[in-house]
*Asks:* 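To start, I am sharing the structure in question, which I have written as structure tokens.
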Amino acid sequence: MIEIILTWLQGLPPEFVAAFLAALPVIETRVALPVAIFVLHLSPMAAFFSTLLGNLLPVPFIFMLLTPTLRVIHRQIPRLDQWFVAWREKQEKKFGESYSKWGAFFLFLLVVVPGPGTGVWTASALAVIFHVDLRLSALSIVAGSFVSGLTILAVTQGVFVGLKFL
């Protein structure tokens, strides 16, 4: 899939391509940063900042557009809305006090910890769905993306530099 995207974006500046890859929901910084360094041949710092900016690009759009989208679903697709409301209420009963107390820190961890279903897209959506203060959410997501990017950069540089010694 990455090869197809790189082919489509061929001829564009590598910084733009790196940012675009990092903005995609499944790829994000975890894949985009090593690709930017080893395939697009960006310097580690250029790759880091390009992918950081690209990774954070969707956040304001998710914050602005998810609530109106949920309203449309509420009006147009009642079965989906019923399921969603039931799921949200179940989660709030189970974790309600934790959300209000630890919500922003949870969002930070959700962005930092690599794994399926984690990252900026998920954290942004959960911030809106569970009404975590958006300023605090944005700060947590930015900090998480920064720390995640630094971690990926350190691992990428360490692993591949270490392999050169073999």
*Asks:* Hey, any chance L53 and I27 share a hydrophobic cluster, counting ILVMFWY side chains that come within less than 4.5 Å of each other, even indirectly?
*Replies:* no
*Asks:* Do any pairs count as a side chain to side chain donor-acceptor pair (under 3.5 Å) and have a residue in residues 109-124, sequence neighbours left out, and if so which ones?
*Replies:* R30-T118
*Asks:* Looking only at heavy atoms, which two atoms of L21 and A32 are closest? And how far apart?
*Replies:* CB-CB, 3.7 Å
*Asks:* Enumerate the residue pairs fulfilling side chain to side chain donor-acceptor pair (under 3.5 Å) with a member in residues 128-153, sequence neighbours excluded, ordered by first and then second residue.
*Replies:* N55-S145, R88-H131
*Asks:* Is there side-chain contact between V132 and F106, with at least one heavy-atom pair below 4.5 Å?
*Replies:* no
*Asks:* Working to the nearest 0.5 Å, report the span between CG of L57 and CG of L52.
*Replies:* 11.5 Å
*Asks:* Just to verify, what does L80 make a side chain to side chain contact (heavy atoms under 4.5 Å, CB included) with, not counting sequence neighbours?
*Replies:* I73, I77, W83
*Asks:* If I compare all heavy atoms of I152 with all of P34, which pair ends up nearest, and what's the gap?
*Replies:* CG2-CD, 4.1 Å
*Asks:* For residues G119 and V111, report the shortest heavy-atom separation together with the two atoms involved.
*Replies:* O-CG2, 3.8 Å
*Asks:* According to a 4.5 Å side-chain heavy-atom criterion applied to Ile, Leu, Val, Met, Phe, Trp and Tyr, with indirect links allowed, do F108 and L136 form part of one hydrophobic cluster?
*Replies:* no
*Asks:* Hey, quick one: are M45 and F38 part of the same hydrophobic cluster, counting side-chain heavy atoms closer than 4.5 Å, chains of contacts allowed?
*Replies:* yes
*Asks:* How close do G149 and L33 get, heavy atom to heavy atom, and via which atoms?
*Replies:* O-CD2, 3.5 Å
*Asks:* If the condition is side chain to side chain contact (heavy atoms under 4.5 Å, CB included), which residues does R79 pass it with, not counting sequence neighbours?
*Replies:* none
*Asks:* Can you pull out every ring pair (Phe, Tyr, Trp, His ring centres under 6.0 Å) where at least one residue sits in residues 44-74? Sequence neighbours excluded, please.
*Replies:* F48-F146
*Asks:* Name every donor-acceptor pair, under 3.5 Å, that has one atom in a side chain of residues 5-19 and the other anywhere in the protein, sequence neighbours excluded.
*Replies:*
residue, atom, partner, partner atom, Å
T7, OG1, E3, O, 2.8

*Asks:* Considering non-hydrogen atoms only, spot the tightest contact between A36 and T51 and give its length.
*Replies:* CB-CG2, 4.4 Å
*Asks:* Please tell me whether W87 and L110 are part of a single hydrophobic cluster in this structure, the criterion being side-chain heavy atoms less than 4.5 Å apart.
*Replies:* yes
*Asks:* Could you walk me through whether L153 and I37 pass the side-chain contact (heavy atoms from CB on, under 4.5 Å) test, one step at a time?
*Replies:* CA-CA 9 Å; L153 181 64; I37 293 171; 3.6 Å; yes
*Asks:* Show, in sequence, the C-alpha distance, side-chain angles and deciding distance for T67 and V128, and conclude whether the side-chain contact (heavy atoms from CB on, under 4.5 Å) test is met.
*Replies:* CA-CA 7 Å; T67 300; V128 173; 3.3 Å; yes
